[in-house]
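First up is the structure itself, then whatever we jot down about it.
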There are 2 protein chains.
Amino acid sequence: MLHVAEAARVSVATVSALINGTATVSPELSQRIEQAIRDIGYKRNAIARSLKMGTTRTIGLTVPHITNPFFTDVVSVIQQAFDRAGYAVMLCCTDEDLNTQDDQIKLLLDRMVDGLIVARVGDGAILKRIVDDANVPVVLLDRICKGVDTDAVVLDNQRAVFDAITYLINLGHRRIGYITGTSDISPMHDRMAGYREALHAAGLPIAEELIRFGNFHEIDGYNATMQMLSSHDRPSAIFSANNPMVIGTMKAIRDIGLSCPEDISVACFDDFPWSDVFQPQLTTVAQPVQAIGEQAANLLLDRLAGNRDAPPRKLLLKGRLMIRNSCRPLGAIAQSVSA
Amino acid sequence: MLHVAEAARVSVATVSALINGTATVSPELSQRIEQAIRDIGYKRNAIARSLKMGTTRTIGLTVPHITNPFFTDVVSVIQQAFDRAGYAVMLCCTDEDLNTQDDQIKLLLDRMVDGLIVARVGDGAILKRIVDDANVPVVLLDRICKGVDTDAVVLDNQRAVFDAITYLINLGHRRIGYITGTSDISPMHDRMAGYREALHAAGLPIAEELIRFGNFHEIDGYNATMQMLSSHDRPSAIFSANNPMVIGTMKAIRDIGLSCPEDISVACFDDFPWSDVFQPQLTTVAQPVQAIGEQAANLLLDRLAGNRDAPPRKLLLKGRLMIRNSCRPLGAIAQSVSA
DNA sequence: AACGCTAATCTAAACGTTTCGATCATGTCA
DNA sequence: TGACATGATCGAAACGTTTAGATTAGCGTT
């Protein structure tokens, strides 16, 4: 900018005024400056600008796994929204690890991101402290967090799973296996509540041996399914509260020599692009990923636009049960249906 | 830092020296400073540091679509690698659009990223200019670019498709449909060359009506497949050079009332997590995503570590044909196999 | 002709670091 | 005891912007 100013024989203030349109500059000087900018190939240094202005037009986004199709889609939508608004997005994947997450959030705050969208992991205390210290707007994505009272957009997980399990019950299933991630994050907790609520509402007992915990990965779903299917009194249906784990479930079913839906029905949380292409077509709970991503982006953009002290807004979206052919009717119902 | 210095009754220079370990500071002052840092809750401002140092410890990564499973995986690997090295990653999705890409690269360079990993789109000229101007190391990912002579890691696409098509030919297929993206990017060009080479090597004619161009999206695959299958002399196998498009292919096959592999064999480029779970299990060309991501990251990290004027390094990795059950033997071969 | 008003431009401080060279105390050696 | 090397600390400039406030020029009023 100094060089431009010299070449155009004006002060840097005038150059800045022209570039930012913060003051009127005469046509004559404007032209000289623009010429100089072109000659020199000047590009404004956004770092210096950020230092002076205290804003980076960059946000941080952390998710557990970008390979989880739900997060893949949401990240994609969020990235687009911020791109449109002229913001850059720094992406971090926490791998469901608390320390990693803390480090990454520190990394992002160090770099003075203007805002943060977080699909958090683990206990909220540290997140809360980090977020309170840095005075940066945060929106929680997918997972709320006790004690962290910020904007959030989440699914009505309990209701969504309630509907799915009720659907299975109505098909005649009585012993329904349930595979979940560790319940220290809200969606897993709420989904489990939906499972219990549905069984309870139908007057069915809750068999604790049918509830298995995993760590969100395919292998965990595989192991959990193997255990359930090897038992003397195996379930007739399995619901997986997490999408990557259902791959393990399907592989376990195959490896143990059973088939879906003939021998066992399967449904899971989170839809994915291939769900209605191959056999069996998995019945899933689809989240409105487009809406979730856009809402999260909008909440943050609104804060960034200056609306700082509005009370925290919590958005609760509805899931949708995508009924396909991976769950079959059982018993009396099966009779009447096939009749 | 000023506040810390005041609280500890030292100069900012000493605080800086202690924090960065750039000079020895006495135990006494060290303690005072550390105490002050704790009391105040001081955090170094990375923006100011970047301005002074001329480095941001941030890199830019642009891909066409993060929802393409190949890029999802590669992005994930790259993000992890840079996270380990203490770098932040700014992610952009170009949506296969040239202008978007140019804007995004400018956005990234504005923010003074230290390096760039680009799965480019469109013509190389603009990319080249942009990259030459900013003096920033670039590694090309997945797609090389005539005239842009930088580090690159790509697949041996021609060989990979040659192998896949040859496999189909060996199964007895003679009319093999080929669905591709626009061939102005190197992988599409090279894959097509592999297709032609395989047919040629087998002494088969190349039927231009069996080659269809799309824009990388599911709908394009759908339309292309519909056209091919409605023709009087439809192919017995279809190869899709792009993963999202094969979803469209499968849906078109279903909608037209045919089934795979009984009526038509299908194979495609890029493996995906569900490929061996559902029926039909798609035969695919798997890219070594882990290696690709790591190599790209390593090439860039090496440049960032100071190895600036080594000659450009081009890494050519091998694909692997994952044979599953979506392609069936035809004619005489089918006889002998089923016999 | 002196005055004030407006519009255009400039000067200089500030943002929060890093770092070069200067300063100062301390101990060592001739 | 004086000269000097050594080690610790500091002052101040620099990175490239933005911006408040000062300055200047031009013009119409009285």
Side-chain angles (χ1 to χ4, degrees), chain A residues 1-37 40-58 86 88 106-107 109-114 133-136, chain B residues 1-37 40-58 86 88 106-107 109-114 133-136:
Chain A
M1 186 140 153
L2 181 61
H3 298 120
V4 171
E6 280 170 358
R9 286 160 292 143
V10 299
S11 75
V12 289
T14 309
V15 177
S16 177
L18 177 65
I19 290 177
N20 299 308
T22 51
T24 49
V25 2
S26 69
E28 190 190 333
L29 291 202
S30 295
Q31 199 187 336
R32 288 219 307 267
I33 294 172
E34 274 157 8
Q35 184 62 46
I37 287 178
I40 297 185
Y42 166 78
K43 300 229 41 185
R44 178 168 66 190
N45 182 319
I47 296 293
R49 177 163 224 262
S50 292
L51 177 59
K52 183 66 189 170
M53 306 277 278
T55 167
T56 51
R57 287 193 85 76
T58 300
K106 277 186 206 133
L107 180 99
L109 292 178
D110 272 1
R111 284 168 174 70
M112 294 197 39
V113 291
D114 291 342
D133 284 2
N135 189 25
V136 150
Chain B
M1 185 140 153
L2 183 60
H3 298 121
V4 171
E6 281 169 357
R9 286 160 293 144
V10 299
S11 75
V12 290
T14 309
V15 178
S16 177
L18 177 65
I19 290 176
N20 298 307
T22 50
T24 50
V25 4
S26 69
E28 191 190 330
L29 291 204
S30 295
Q31 199 185 336
R32 287 221 306 268
I33 294 172
E34 274 157 8
Q35 185 62 47
I37 288 178
I40 296 183
Y42 166 78
K43 299 228 45 185
R44 179 169 66 190
N45 182 318
I47 297 293
R49 178 163 222 262
S50 292
L51 177 60
K52 184 65 189 168
M53 307 276 277
T55 167
T56 51
R57 287 194 84 77
T58 300
K106 277 187 207 135
L107 180 97
L109 293 177
D110 272 0
R111 283 169 175 70
M112 294 197 42
V113 290
D114 291 342
D133 284 3
N135 189 24
V136 150

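All chains are named by letter (A, B, ...) in the order of the sequence lines, taking the proteins before the strands, and each is independently numbered beginning at 1. Everything quoted here is computed from the prediction, not taken from an experiment.
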> So, for A:Val113 and A:Val136, which heavy atoms are closest and what is the spacing to 0.1 Å?
Replying inline: O-CG2, 3.6 Å
> Is any side-chain N of the basic residue among A:Asp110 and B:Arg44 closer than 4.0 Å to the acidic one's carboxylate O?
Replying inline: no
>> Checking side-chain polar atoms at under 3.5 Å, does B:Thr58 have a donor or acceptor matched by the opposite partner on B:Arg111?
In response: no
>> Any residue in residues 6-33 of chain B with a heavy atom nearer than 4.0 angstrom to DNA chain D? Just list them by number, or reply none.
In response: B:Arg9, B:Val10, B:Ser11, B:Ala13, B:Thr14, B:Thr24, B:Val25, B:Ser26, B:Leu29
>> Are there over 12 heavy-atom neighbours, none belonging to B:Gln35, within less than 6.0 Å of that residue's CD?
In response: yes
> Considering heavy-atom distances to DNA chain D, does A:Lys52 or B:Met53 have its closest nucleotide positioned more toward the 5' end?
Replying inline: B:Met53
> Can you tell me how far the CZ atom of B:Arg49 sits from the CE atom of B:Met1, to the nearest 0.5 Å?
Replying inline: 10.0 Å
> Contact boundaries of DNA chain C with chain B (under 4.0 Å, heavy atoms), 5' to 3'?
Replying inline: C:dG16 to C:dT19
> CG of A:Asp133 to CG of A:Leu109: how many Å apart, nearest 0.5 Å?
Replying inline: 9.0 Å
>> Could you report the tightest heavy-atom contact between B:Ser50 and A:Ile47, atom names first, then the distance?
In response: CB-CG2, 3.9 Å
> Could you give the NZ-to-P distance, from A:Lys43 to D:dT17, as a whole number of Å?
Replying inline: 11 Å
> Could you give the distance from CD1 (B:Ile37) to OG (B:Ser30), rounded to the nearest 0.5 Å?
Replying inline: 10.0 Å
